[in-house]
Each structure stands twice: as structure tokens, then as C-alpha cells.
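Here's the structure we're looking at; comments come further down.
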Amino acid sequence: MRWSESFIPTLRDDPADAEAASHKLLVRAGLIRQLMSGSYSILPLGQRVCRKITGVIRTELEGIGGQEFELPCLHPADVWKRSGRWDQVGDELFRLNDRRDADVCLGMTHEEIFTVLAGELRSYKQLPQIWFQFQSKFRDEPRPKSGLLRVREFVMKDSYSFDVDEAGLDHAFKLHFDAYRKIFEKIGLDALAVEASSGAMGGKESVEFMQASDAGEDFVASCEKCGYAANLEKATSELAAVDDGPGLEAPEKFPTPGVRTIEDLAQMEGGAAADRQIKTLVYIVGKETWLVLLRGDHTLNDQKLIDATGAFDLRPANEEEIRAALGASPGSLGAVGVTNHKVVADLALEGRSAMTTGANEDGFHLRGVSVERDMEIAGWSDLREVEAGEACPMCQNPLVVRKTIEIGHIFKLGTRYTELLDAKVLDQNGKNRPIVMGSYGIGIGRAMAAVVEAHHDEAGIAWPVTVAPFEVVVTVLNPKDVETSEAGEHIHDALRDAGIDVILDDRDERPGVKFKDSELVGIPYRITVGPKGLKNKKVELYRRRDGHQEELDLHRAAEIVTEYVAEERR
RNA sequence: CGGGCCGUGGCGCAGCUUGGUAGCGCGCUUGACUGGGGGUCAAGAGGUCGCGAGUUCGAAUCUCGCCGGCCCGACCA
């Protein structure tokens, strides 16, 4: 392949609207171009990388018995209505009408459609099955950002497992877990597997694969010592016990003029330390008003509340709603004596007494409150967000919190979809039972961006050989010099014939331009062919990853570099 | 959806406050020189100044509306 004939539109400057390193570099190196917010064209160089990534994934999935499909993007509303998601997912689903005015939508994933196909399975003898595809997904994200990291249209590898029972699902899940580890390792990512919330997906267990990066938007708590790791939406920690001391017979109201915050009350003479206060938050859950209780110094994690309530439309109440519900303004709220609203409390409040909380009367608080004695708690849940430095729930070592990119997510779905969409088989006893299902995803573009986040420097991208658009570039310094350009072509042809992905930079450009471009694009090996070296029958090898250089004999260069590449392909 | 910023040749930007011939760098075309880290010289091509209305003799510039993009937050399979 000749650079002079390729469409590789590199840019000297960073695009003005890019922030994340991967965004800047993918655009500058000519791999992608934006079409509109959250929608990108993949250019030839980017497509080559994506093809390598999908190749790695395909190999591993076929290795665990996966069979490849290709399903439609355009779905009838009917199946989404039957699974309940038509009403559940809201604005994130792209909905449209066809010419007969029928409701259709663009698939945001393919549980429904695969489940419809799984309806053709009749007997447990046909199980297990693992089905997968690479297909575009559409999600009308409220805020696309960071180039390929959060988009509205993207290709995803999604796979689905179908088993007779839970044990089968556990096995399929484990197969995927191991396959994912291999995939991410092979494409050059150092993915951390973490416990995650299943979100609106349903199901009871899920694991996310996270790549540490400043460009990420998820936070993960992990323990360096025992390996515990969880998304902050799920993470827990062990807290030091708080000594409440002797309490009171009954709550006692006291004036707290001007006190609006936990901090105010902690500072006030006769107030209470933050960890001796009860924080009262008001949420609108569906059509109901709920009170959410936390220790004063703790923060609510919204996803934990969503998981605990099982609600999908939930938001903080506004000032008027709070007044209407409790008769006081934020700053003096409490749950003592509240019976007309549902009250949920964080586990850290269990058994606590002699606490201070709002009196539902502006300017007054209650002290001497015992949580169980004085409040009607409808449910206890883990609701608070873990903070860095708190003790690991497994081994008490201090937890580390890191920003990460979610590059893969695997779910144990269970029978939600198969029951609603009627995908059942007869078991060994001739009894009809819903297939037990798992679902597993990897975003291809996001994975590519994550690799860039993990492998770049000031000069540009530094692809691992396994996903590089080209493994070797042969840079001809002076293409007008016949001897130089012929030498370059010979090396190029020899590498190509040896099965190496090689590109010949035969452009009539200054050497500096070609060096900069090859480093920006991030090709792992560069063989420089120039008149100076040729006088001694030498060419120069440059390794992008660490800048290592060595001189090679002209006639052995292709052979040696082929070996280097083969080694790194693994 | 709330807050902030921004739309001017392919890319990056100036011009707008104070209305009057649309500019710079890079890139692009042609030619010459040059040839181991984005070279030099010469001659060129390329712009409905996001869109629409208004004010004005005259609008990139002022006013209003709309559209689009980025960032923070909300949200997020």
C-alpha cells in the first residue's frame, strides 16, 4: 500500500472542539471525522484498527463457541413494547414512524431481537447457545462527548447466551469473563473487572471492564491488596463504628436559627458533628415522594437509590415539592414522625441513636433521635457513595478511587426477556421453562479510543502491533532518487509478501513531514530508507513505542522486522 | 433540561467594542531551488462571514429569533 495513494488526512493542529487525548489524536491522525454531535465517520485508517479489534473479538468468541449473526438496526415497536422497554427507556431510544405510520425504533441493543430468534429453540438439548454480532447501536444520549468515548451511534459487539438453568448461565458468564480478559489484554488494554450496577438492563449480576483514564466518566473503587474492585455505583466500604453515647428518652426540639447545612449545624454551639447527624433528602419516585436518609457526612449515590427503589424515573424534589411534603425548607428536614411518605435509610444509620436531624420546622432541629425508635423506616439499603481511603469491605485496606472508561459490560439477565417474549424450551422432565439468558457487550469505537488513551505521547498515537492500522511503514526519504525508492519498494514488497501490514511512504514530502506523520499515526515500526544509509547498504529501524533505533542491513531488514512484528502479534 | 463559551476559505485563528473594499498562519495548485525532523522563493486557486428577519444610505460587526458545535452540571444499558 502506498501512502501517496491513500486517504490519510492528517492535521497539524488539534481540532478546536476536542478535549480528550483520544479525540484530538484520532481526528488529527486521520482516523475519524465528526458528522454531527455524537456521530462519527470512520476513515480508512480507523477502519483498519476497528477491523483488527473485531478480529480479536471474533477469534475469542468463536473460541468459546459463539456463532456470528447480523441483525437489523431497525426494529418494530411491538417487540420493545412486549419487553416493556418501549415505555421504560424514554428519550434515549430513537423512535420513528414508517410510511404506514407504524412505530419503529433504532435498536440500542439487541436483547429483544435475539430473544425472538431464541423462540425457535424447542428443547434443552439445543442449549447452550452463544450468539453474537457486530452491529450499530443508536442511543440518543443527552450529552455526547469526548470523541468516540460517548456517542449516539456506534458499533458494538454484543453477545447473548442461552441456557437451561442458572448453572448454565454461570458457566456462559465465566466463559465470557475469561474471553474478555484475553481480548482486552490482546488489544493492549489493562482492563479492571469490577462489580457493577445492572441499571435499566435488569438482571442480578453484572461485571464491567474498566480502563483507568482521565478521560473516563465512571469511578471505580479498588483495593490494591486483595483485588476487590467495584464501580462507585456499587462499591461498599467498612466504616469505623461511631460511639453515640447515652441517648435521650425522646427527641428534643431545639432552636437552630440560620442553620441551613450539615456544616452549619456541626459548627453551631450545641449542634452535632456531621457523623452524628441524619441527612434527609427528598426524592420524587414515579408519582410518590420519598425521604432518603443518610449519615450527615455521607453522599448519596443516585444509582444505588435507583437500584434500591427499582424505579426508573426518579429525581430530587424541588423546593416547592419539599415544602408541600414536609412543611419546611431544606436545612430543617427530618423523618421523625413522618408516616405519609416512604422513608428509606442507608445501612450506616442502622442502630444509631442520640442523633440530630431537622424538625420539619424552619430554624429547628431535633436531638436525641434514635433511628429505629423514632422513625418509620420502610427499607434499609446501601445508598451512600464510598470515598477514597475508606476501608476495603474484604480486607480493610484503604480503597483507591480511579476515573475509568467502561470498555465492556457483562450481565446475567436471567429470564426477564425470555419470559416476556416467550422463548421457552422443554427441560429433561418435559416441562416448559424460560431460557436463562446473559448479555455481553464491547463498544468497538470506544475500545479503539481507550487504546489511544492508554498508548500515546506528545508526538501522537503509539499503537500496539495487535491493533495498529499498519504494522510497519517504509519511509522513503527522497522518492525522486531512483536507487532509494527502489530499495524502499523492495523492502515493502518483501514485508507484504511475508504477511505484514505495511505501507510505503513514497510521498514527495520533506523527511520531517513523513517522520511526524508516521509518529502521529502511530505505526509501531518505521524503516527509513535514505541515500546516506544506502551507501553502506544500511537502513534504519525506529520503534514508535519507546523510540528505540537500530541500523539494519538492507538485505536483511524485511526478515528481521517480520520477526519483531510476529513476536508482538502473540 | 440548567449554566458558560463558540460558529469568518480544508485546519487553526484575527477582524466585531467604535458599521464603510474580508485578513493572517498552515494546508492546496503551478514552477524553480531543496532533500535525514513540518525548507525557501515566485505566481495562483479558494470565503452565501451558520441561517432568517430587523435597524441603517451601508451589517462579519448592532438588535431579535432560529440552527449547529464544545465544556460543566443534570442525565446515561
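Throughout, a chain's letter reflects where its sequence line sits, starting with A, and its residues are numbered from 1.
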**Message:** Under 4.0 Å, heavy atoms only, any strand: does Ser146(A) hit a base, just the sugar-phosphate, or nothing?
**Reply:** sugar-phosphate
**Prompt:** Is Gln34(A) side chain donor-acceptor paired with the rG69(B) base, going by distance under 3.5 Å alone?
**Reply:** no
**Message:** Can you check the distance between rU29(B) and rG69(B), where both ends of the measurement are the C1' atom (answer in whole Å)?
**Reply:** 31 Å
**Request:** Consider the side chain of Glu19(A), meaning its heavy atoms from C-beta on, and name the nucleotide among rC71(B), rC76(B), rG39(B) that approaches it most closely.
**Result:** rC71(B)
**Prompt:** Does the rG35(B) base have a donor-acceptor partner in the side chain of Asp508(A) within less than 3.5 Å?
**Reply:** yes
**Asked** Does rU55(B) have a Watson-Crick or wobble mate here (both distances under 3.5 Å), and if so which one?
**Response** none
**Message:** Could you tell me how far apart Lys516(A) (NZ) and rC26(B) (P) are, to the nearest whole angstrom?
**Reply:** 17 Å
**Prompt:** Will you find, in the side chains of Ser159(A) and His176(A), an N or O donor that is under 3.5 Å from an N or O acceptor?
**Reply:** yes
**Item:** Side chain of Glu540(A) - closest among rG36(B), rC13(B), rU34(B)
**Value:** rG36(B)
**Message:** Given rC71(B), rG36(B), rG12(B), identify the nucleotide with an atom nearest to the side chain of Lys145(A).
**Reply:** rC71(B)
**Asked** Which nucleotide, in any strand shown, forms a Watson-Crick or G-U wobble pair with rC70(B), with both distances under 3.5 Å?
**Response** rG4(B)
**Item:** Watson-Crick or G-U wobble mate for rG44(B), both contacts under 3.5 Å
**Value:** rC28(B)
**Request:** Please state how far atom CG in Asp13(A) lies from atom P in rC13(B), giving the value in whole angstrom units.
**Result:** 8 Å
**Item:** Any N/O donor-acceptor pair, Arg150(A) side-chain to rC76(B) base, under 3.5 Å
**Value:** yes
**Item:** N-O pairing of Asp218(A) and Lys403(A) below 4.0 Å
**Value:** no
**Prompt:** Looking for any heavy atom pair under 4.0 Å, which part of the strands does Asp481(A) touch: base, sugar-phosphate only, or nothing?
**Reply:** nothing
**Request:** Return the nucleotide paired to rA60(B): Watson-Crick means purine N1 to pyrimidine N3 with N6-O4 or O6-N4, wobble means G-U with N1-O2 and O6-N3, both under 3.5 Å.
**Result:** none
**Message:** If only side-chain N and O atoms count, and only distance matters, is there a donor-acceptor pair under 3.5 Å linking Asp506(A) with Ser4(A)?
**Reply:** yes
**Asked** When the P atoms of rU8(B) and rU18(B) are considered, how many whole Å apart are they?
**Response** 24 Å
**Request:** Indicate the ring-plane relationship of Phe114(A) and Trp131(A), choosing parallel, tilted or perpendicular according to the 30° and 60° boundaries.
**Result:** tilted
**Asked** So His409(A) and Phe411(A), would you call those rings parallel, tilted or perpendicular, with 30° and 60° as cut-offs?
**Response** parallel
**Request:** Look at the aromatic rings of Phe184(A) and Phe209(A) and report parallel, tilted or perpendicular, splitting at 30° and 60°.
**Result:** tilted
**Message:** Does this structure show an ion pair linking Lys412(A) with Glu166(A), if we count only N-O contacts that are shorter than 4.0 Å?
**Reply:** no
**Lys535(A) NZ to rG36(B) P, straight-line distance once rounded to whole Å** = 11 Å
**Request:** Assign Asp302(A) to base, sugar-phosphate, or nothing according to its heavy-atom contacts below 4.0 angstrom with the strands shown.
**Result:** sugar-phosphate
**Prompt:** Of the nucleotides rC70(B), rA74(B), rG35(B), which has the atom closest to the Asp17(A) side chain?
**Reply:** rC70(B)
Just the table, please: protein N/O against nucleotides 27-33 of chain B N/O, every pair under 3.5 Å.
unit_1  : atom_1 : unit_2   : atom_2 : d
rG27(B) : OP1    : Arg12(A) : NH2    : 3.4

**Request:** Determine the interatomic distance between P on rC70(B) and the same-named atom on rU55(B); round to the nearest Å.
**Result:** 35 Å
**Prompt:** When rounded to the nearest Å, what value does the distance between C1' atoms of rG12(B) and rG27(B) take?
**Reply:** 11 Å
**Whole-Å P distance, rA59(B) and rG54(B)** = 12 Å
**Message:** From C-beta outward on Ser37(A), which listed nucleotide comes closest to its side chain: rG69(B), rA74(B), rG36(B)?
**Reply:** rG69(B)
**Request:** Give none if rG38(B) has no partner; otherwise give the nucleotide forming a Watson-Crick or G-U wobble pair with it, both distances under 3.5 Å.
**Result:** none
**Message:** Without decimals, in angstroms, what is the distance between Ile527(A) CD1 and rG36(B) C1'?
**Reply:** 16 Å
**Request:** Among the candidates rG69(B), rG38(B), rG36(B), find the nucleotide nearest to the side-chain atoms of Leu477(A).
**Result:** rG36(B)
**Asked** When you match Thr528(A) and Met156(A) each to their closest nucleotide on RNA chain B, which lands nearer the 5' end?
**Response** Thr528(A)
**Prompt:** What integer distance in Å separates Glu406(A):CD from rC76(B):C1'?
**Reply:** 10 Å
**Request:** With P as the reference atom in both, quote the distance from rC72(B) to rC26(B) in angstrom, rounded to an integer.
**Result:** 33 Å
**Message:** Salt bridge or not between Asp505(A) and Arg526(A)? Use side-chain N to carboxylate O under 4.0 Å.
**Reply:** no
**Prompt:** Roughly how far, to the nearest 0.5 Å, is CD of Gln133(A) from CE of Met156(A)?
**Reply:** 10.0 Å
**Request:** Tell me which nucleotide among rG38(B), rG36(B), rC11(B) gets nearest to the side chain of Phe515(A).
**Result:** rG36(B)
**Base partner of rC75(B), which must satisfy Watson-Crick or wobble distances under 3.5 Å** = none
**Fill in**
Closest to the 5' end of RNA chain B, once Arg28(A) and Trp80(A) are matched to their nearest nucleotides, is Arg28(A)
**Asked** With a 4.0 Å cut-off on heavy atoms, is Glu519(A) in touch with a base, just the backbone sugar-phosphate, or nothing at all?
**Response** base
**Request:** Decide, yes or no, whether a salt bridge links Asp382(A) with Lys234(A) under the criterion of side-chain N to carboxylate O below 4.0 Å.
**Result:** no
**Prompt:** With a 4.0 Å cut-off on heavy atoms, is Gly441(A) in touch with a base, just the backbone sugar-phosphate, or nothing at all?
**Reply:** nothing
**Prompt:** Should the pair Lys174(A)-Asp170(A) be classified as a salt bridge under the 4.0 Å nitrogen-to-oxygen rule?
**Reply:** no
**Request:** Using the C1' atom as the reference point in each nucleotide, state the distance between rA14(B) and rC24(B) in Å, no decimals.
**Result:** 7 Å
**Prompt:** NA contact type, Lys514(A), heavy-atom cut-off 4.0 Å: base, sugar-phosphate, or nothing?
**Reply:** nothing
**Request:** May I ask you to say what Pro142(A) touches in the nucleic acid, namely base, sugar-phosphate or nothing, with a heavy-atom cut-off under 4.0 Å?
**Result:** base
**Prompt:** Is rU17(B) paired to anything, Watson-Crick or G-U wobble with both distances less than 3.5 Å, and if yes, which nucleotide?
**Reply:** none
**Asked** Whole Å only: how far is the CZ atom of Phe219(A) from the C1' atom of rC76(B)?
**Response** 15 Å
**Prompt:** Nearest to the side chain of Arg143(A), which nucleotide is it out of rG37(B), rU34(B), rC72(B)?
**Reply:** rC72(B)
**Request:** Verify whether one side chain among Thr115(A) and Glu111(A) offers a donor that lies under 3.5 Å from an acceptor in the other.
**Result:** no
**Asked** To the nearest angstrom, how far is Asn536(A) atom CG from rG36(B) atom C1'?
**Response** 14 Å
**Request:** For rG37(B) versus rC75(B), give the span between their C1' atoms, rounded off to a whole number of Å.
**Result:** 47 Å
**Request:** Among the candidates rC76(B), rU34(B), rG12(B), find the nucleotide nearest to the side-chain atoms of Arg510(A).
**Result:** rU34(B)
**Request:** Would you kindly give the CD1-to-P distance between Ile284(A) and rA74(B), to the nearest whole Å?
**Result:** 18 Å
**Any donor-acceptor N/O pair under 3.5 Å between rG38(B) base and Arg507(A) side chain** = no
